[in-house]
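Before any comments, here is the structure.
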Amino acid sequence: GAVVSQHPSRVICKSGTSVKIECRSLDFQATTMFWYRQFPKQSLMLMATSNEGSKATYEQGVEKDKFLINHASLTLSTLTVTSAHPEDSSFYICSATASKPNYGYTFGSGTRLTVV
Amino acid sequence: GQQLNQSPQSMFIQEGEDVSMNCTSSSIFNTWLWYKQEPGEGPVLLIALYKAGELTSNGRLTAQFGITRKDSFLNISASIPSDVGIYFCAGYSGGGADGLTFGKGTHLIIQP
């Protein structure tokens with residue numbers, strides 16, 4: 001089955017630094033990858049959609065200059081949280097899909113980011 | 001962004017009982033998905049529904065895509081301890097964003 005690997009699973013960083021999170025599709029080519037954020041005891045909220053080789057589409061209210069997304073290949077997308085602040089602490093989850101109409105989005109295992 | 005209304009928010013049941021949860025939306029979705037998430041992990045797909053009226057089973061799990069395309073339910077029969085977790089519904093409308101819209105989750109707790 002489709003497998004999505006996300007790394008790191010946990011990261012602690014100092015306020016003001018940047019953190020990069022990787023999302024890889026291991027056994028399929030992901031034409032589209034999605035990044036979600038989940039606060040404790042809340043649902044997943046879509047942050048942005050990235051298509052290989054093109055700029056990411058950000059949801060309303062998500063700062064594109066703060067959350068940099070790169071989808072350089074069909075198997076890798078990265079999310080960089082720049083100048084991180086404590087309020088950026090959250091659970092970040094990526095998902096990937098091969099192509100429409102395959103709506104069986106596969107999720108990574110998530111990254112717990114703590115900014116101190 | 002848009003959210004689905006998922007209920008109940010939490011369920012406290014005895015092992016062996018059946019479970020039912022549902023999601024409703026004010027707008028139409030073309031696809032309904034049900035996920036289970038355990039602490040510190042990403043969601044895992046349980047059932048995918050692609051057609052209005054579709055009823056699909058996966059072991060003890062059964063889900064249906066409402067005929068109005070605005071609702072879906074998930075049933076779990078004869079619950080067992082490993083069913084504990086948070087269950088999310090998610091809808092896909094085929095709009096420009098192409099991402100999924102998630103419900104707020106149903107936290108299932110099984111009492112011994």
Side-chain angles (χ1 to χ4, degrees), chain A residues 1-10 21 23-24 30-51 54 56-62 69 77 90-114, chain B residues 1-10 21 23 25 28-52 54 56 58 63 65 69 72 85-109:
Chain A
V3 178
V4 174
S5 174
Q6 190 172 339
H7 179 79
S9 58
R10 292 176 181 270
I21 302 170
C23 181
R24 295 180 184 272
T31 52
T32 306
M33 288 187 171
F34 307 89
W35 288 95
Y36 294 81
R37 183 163 61 179
Q38 184 179 32
F39 291 107
K41 298 185 178 181
Q42 294 192 21
S43 187
L44 287 78
M45 297 300 294
L46 180 66
M47 297 175 66
T49 301
S50 73
N51 294 295
S54 63
T57 303
Y58 291 81
E59 294 299 298
Q60 189 174 5
V62 178
I69 292 173
S77 176
S90 186
F91 194 53
Y92 293 87
I93 312 173
C94 71
S95 74
T97 185
S99 63
K100 299 176 184 180
N102 174 14
Y103 304 130
Y105 297 86
T106 303
F107 283 82
S109 56
T111 297
R112 172 71 61 193
L113 171 63
T114 303
Chain B
Q2 181 183 14
Q3 279 214 322
L4 302 176
N5 297 313
Q6 185 173 349
S7 64
Q9 185 175 357
S10 59
M21 60 191 77
C23 275
S25 171
I28 289 174
F29 284 100
N30 294 325
T31 299
W32 284 90
L33 306 167
W34 285 92
Y35 288 89
K36 179 185 179 185
Q37 185 180 29
E38 300 194 10
E41 299 290 332
V44 175
L45 182 65
L46 299 174
I47 293 180
L49 302 160
Y50 301 115
K51 294 182 180 179
E54 179 181 356
T56 298
N58 178 8
F65 190 151
R69 296 189 169 188
S72 177
I86 302 177
Y87 292 80
F88 289 100
C89 62
Y92 175 84
S93 60
D98 288 345
L100 297 178
T101 300
F102 279 85
K104 293 187 176 182
T106 295
H107 191 182
L108 179 61
I109 300 167

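Letters go in sequence order (proteins before strands), and every chain restarts at 1.
The candidate with the highest count of non-hydrogen atom pairs below 4.5 Å against chain B, out of A:Ser109, A:Gly110, A:Gly61, is A:Ser109.
For a residue to count as touching a neighbouring chain, one of its non-hydrogen atoms must lie under 4.5 Å from one of that chain's; by this rule A:Gln6 does not touch chain B. Contact annotation for A:Gln42: only backbone heavy atoms (N, CA, C, O) come within less than 4.5 Å of a heavy atom of chain B. Neither the backbone nor the side chain of B:Gln6 has a heavy atom closer than 4.5 Å to any heavy atom of chain A.
Evaluation of the salt bridge (charged side-chain N to carboxylate O under 4.0 Å, His left out) rule for B:Glu41 yields no partner, not counting sequence neighbours. For A:Arg24, the salt bridge (charged side-chain N to carboxylate O under 4.0 Å, His left out) criterion is met by A:Glu22, not counting sequence neighbours.
Although no hydrogens or angles enter the test, the distance criterion places a donor-acceptor pair under 3.5 Å between the side chain of A:Ser43 and the main chain of B:Gly103. Using a distance-only test at 3.5 Å, with no hydrogens or angles considered, a donor-acceptor pair links the side chain of A:Tyr36 to the main chain of B:Leu100.
Counting heavy atoms from C-beta outward, B:Gln37 and A:Phe91 have side chains that approach closer than 4.5 Å.
Here the straight-line distance linking atom NE2 of B:His107 with atom NZ of A:Lys41 works out to 8.5 Å at 0.5 Å rounding.
Heavy atoms only, all atoms of each residue included: A:Leu44 and B:Pro43 are closest at CD2-CG, 3.8 Å.
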